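Throughout, protein chains are lettered first and strands after them, A, B, ... in sequence-line order, and every chain is numbered starting at 1. Since the structure is predicted, the reported quantities are computational estimates derived from the model, not experimental observations.
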Amino acid sequence: MPELPEVETTRLKIEPYLLGQRLLRLEHDAPHRYQNTHLASGRTVTRLTRRGKYLLLHLQDPGEDDLELIVHLGMTGGFRFAATPHTRVTLHLESGEPLYFQDARRFGRVAVVQPGVYPGMPTLSGMGPEPLSGGFSERAFVEAVAGGGKMIKPWLLSQVPVAGVGNIYADESLWAARIHPAQTRLKPAEVRRLYTAIRATMQAAVEAGGSTLSDGSYQQPDGVDGGFQTRHNVYDRAGQPCTRCGTEVVKMVLAQRGTHFCPKCQTLKDRL
DNA sequence: ACGTGAACCTGCCGGC
DNA sequence: TGCCGGCAGGTTCACG
C-alpha cells in the first residue's frame, strides 16, 4: 500500500481521532513486530507527523520524557476505524473507540522509541528531505543526484535523495521527467525535470487521497478508495499505450521491483 | 562501494 | 473445481 501519499492521507484521516487522546493500551500478540508498545500506555498523543513513509505519534506523560510511537505500514498495513480479519494491533483509546491496525502480510512495524532515536531503522535514520516541504531544494537535489553512478530508480527508492518515493511514484515521476529508470549519470537538466515531476506527482496524489490498485489492498481508514490510480501513466499499465506518445508501456524488473516505463519517451542514454 | 538476492509474510490471481 | 507458481505498494541484511 503505502508510499508518501497513502501515508499522508492516513495521517490526515486519523489525526482527529488521535490528537489529544490518551492511549490506554496497545493490544497485539507479536512483540517482535510491535516493540515496546507497553511504554505508550497512559500517554497522550500530542502530535501526529510523518517522515517519508513513517508515521510518528508524539507521546507525552506529565513528569516523564517524551516518547515517539513509530508506525511503518509495510506493504499492506493500514489503519481502520473498524476491526477487520487482518487486525494486528488494537489501539485502545480513552474515548472508548479503538483504532485498528490491519496488515495482511505483516510487514508493517510499530515501535516506541526515544524521540529521534531509531535503532535498527537505517532508512528512517538516513531519510532525505520531504518532497512537499520548503526544505526540499532543487539545488541540493541536483547535487545529490546529477552525475551519480547509481541507477536512478533504485537510488530514489533508497529514501536518501528524497523521502517517501516508492515503486508507484518512482515509476510515475520518471515517466513525467522522461528519464529511463536504469539511467545513471543524469544531467542537471534531467534532475531538475525529475525534481519538478516528484513534487507535482506527490502533490497530486496526496490531493487525490493516494492510489488504490486493482487488488484494493489500500484503502483509507474509513474504507474509502484513493483516487490517483486512474491517473497513473505507466504503473500497472504494461501493454497499454503511453498517454504521451502511444507507444506500448513496458514492464521490466529492476532491483527486484516491477518497473514500468515508456520505451520511446524514456530511453537509456549511454554515458560512460 | 556497489549491486544482487534472499528473507520476512500472506493473499490473490491466472494458468493448467 | 482445485492445486501451484508467481507476484505484490517495503526494508534489512548477507554476500561477492
Result of checking Thr76(A), Leu73(A), Thr9(A) against Tyr218(A) for side chain to side chain contact (heavy atoms under 4.5 Å, CB included): Thr9(A)
Any idea which of dT11(C), dA6(B), dA8(C) is nearest the Met75(A) side chain? dA8(C)
Rounded interatomic separation in angstrom, taking CZ from Arg33(A) and P from dG10(C): 19 Å
How many Å lie between CZ on Arg257(A) and P on dG6(C), as a whole number? 19 Å
Of all the nucleotides listed (dC9(B), dA8(C), dT10(B)), which has the minimum atom distance to the side chain of Lys251(A)? dA8(C)
Could you give the CD1-to-P distance, from Ile70(A) to dG10(C), as a whole number of Å? 18 Å
Does His86(A) put a side-chain nitrogen or oxygen below 4.0 Å from OP1 or OP2 of dT10(B)? no
Calculate the interatomic distance between Asp215(A) atom CG and dC7(C) atom C1'; express it in whole Å. 11 Å
Without decimals, in angstroms, what is the distance between Leu213(A) CG and dC13(B) P? 13 Å
Check each residue of residues 224-238 of chain A for a non-hydrogen atom within less than 4.0 Å of any atom in DNA chain B, then write out the ones that pass by number, or none. none
Ring-ring centroid check Tyr195(A) Phe136(A), cutoff 6.0 Å: yes
More than 12 non-hydrogen atoms from neighbouring residues, nucleotides or ligands closer than 6.0 Å to NZ on Lys264(A), yes or no? no
Sorted by chain and number, sequence neighbours left out, salt bridge (Lys or Arg N to Asp or Glu O under 4.0 Å) with Glu27(A) holds for Arg25(A)
Extract all donor-acceptor atom pairs below 3.5 Å that involve side chains of residues 116-133 of chain A and protein atoms in other chains or at least two apart in sequence.
{"residue": "Tyr118(A)", "atom": "OH", "partner": "Glu68(A)", "partner atom": "OE1", "Å": "2.7"}
{"residue": "Ser125(A)", "atom": "OG", "partner": "Tyr118(A)", "partner atom": "O", "Å": "3.3"}
{"residue": "Ser125(A)", "atom": "OG", "partner": "Met121(A)", "partner atom": "O", "Å": "3.0"}
{"residue": "Glu130(A)", "atom": "OE1", "partner": "Arg50(A)", "partner atom": "NH1", "Å": "2.8"}
{"residue": "Glu130(A)", "atom": "OE1", "partner": "Arg50(A)", "partner atom": "NH2", "Å": "3.1"}
{"residue": "Glu130(A)", "atom": "OE2", "partner": "Arg51(A)", "partner atom": "NH1", "Å": "2.9"}
{"residue": "Glu130(A)", "atom": "OE2", "partner": "Gly52(A)", "partner atom": "N", "Å": "2.7"}
{"residue": "Ser133(A)", "atom": "OG", "partner": "Glu130(A)", "partner atom": "O", "Å": "3.0"}
{"residue": "Ser133(A)", "atom": "OG", "partner": "Gly135(A)", "partner atom": "N", "Å": "3.1"}

Residue pairs passing the salt bridge (charged side-chain N to carboxylate O under 4.0 Å, His left out) test with at least one member in residues 226-255 of chain A, sequence neighbours excluded, are none
Stem ranges for DNA chain B, with three or more consecutive Watson-Crick or G-U pairs under 3.5 Å? B:2-8 with C:10-16, B:10-16 with C:2-8
Would one find a side-chain N or O of His72(A) under 4.0 angstrom from OP1 or OP2 of dT11(C)? yes
Whether Glu190(A) and Lys187(A) form a salt bridge (side-chain N of Lys/Arg under 4.0 Å from carboxylate O of Asp/Glu) is what I want to check. no
For dG5(B) versus dA8(C), give the span between their P atoms, rounded off to a whole number of Å. 15 Å
Considering every strand and a 4.0 Å limit on heavy-atom distances, what is the contact class for Gly108(A): base, sugar-phosphate, or nothing? nothing
In the hydrophobic cluster built from side-chain contacts under 4.5 Å, what are the other members alongside Leu12(A)? none
What is the nucleic acid contact for Asn167(A), judged by heavy atoms within less than 4.0 Å: base, sugar-phosphate only, or nothing? sugar-phosphate
Could you measure between the two P atoms, the one in dG6(C) and the one in dA6(B), and give it in whole Å? 13 Å
Taken to the nearest whole Å, CG/Leu254(A) to C1'/dA8(C) is 17 Å
Heavy-atom pair of closest approach, residues Met151(A) and Thr184(A): N-CG2, 3.7 Å
Toward the 5' end of DNA chain B, which comes first, Thr184(A) or Arg106(A), by nearest nucleotide? Thr184(A)
May I ask you to verify whether the side chain of Arg105(A) and the base of dC9(B) hold a donor-acceptor pair under 3.5 Å? yes
To the side chain of Met151(A), which of dT11(C), dT4(B), dT10(B) is closest? dT4(B)
Starting at CG of Leu55(A) and ending at P of dG10(C), how long is that distance when rounded to a whole Å? 15 Å
Whole-Å distance separating the CG atom of Leu73(A) from the C1' atom of dG10(C): 10 Å
According to a cutoff of under 5.5 Å between the ring centres and under 30° between the ring planes, does Phe107(A) stack with the base of dT11(C)? no
dG3(B), dG11(B), dT11(C): which one has an atom nearest the side-chain heavy atoms of Lys150(A)? dG3(B)
Does any donor atom in the side chain of Ser211(A) or Tyr169(A) lie under 3.5 Å from an acceptor atom in the other side chain? yes
Can you hop from Leu24(A) to Tyr34(A) via hydrophobic side chains spaced under 4.5 Å? no
Scan Pro154(A) against the nucleic acid and name what it touches under 4.0 Å (heavy atoms): base, sugar-phosphate only, or nothing. nothing
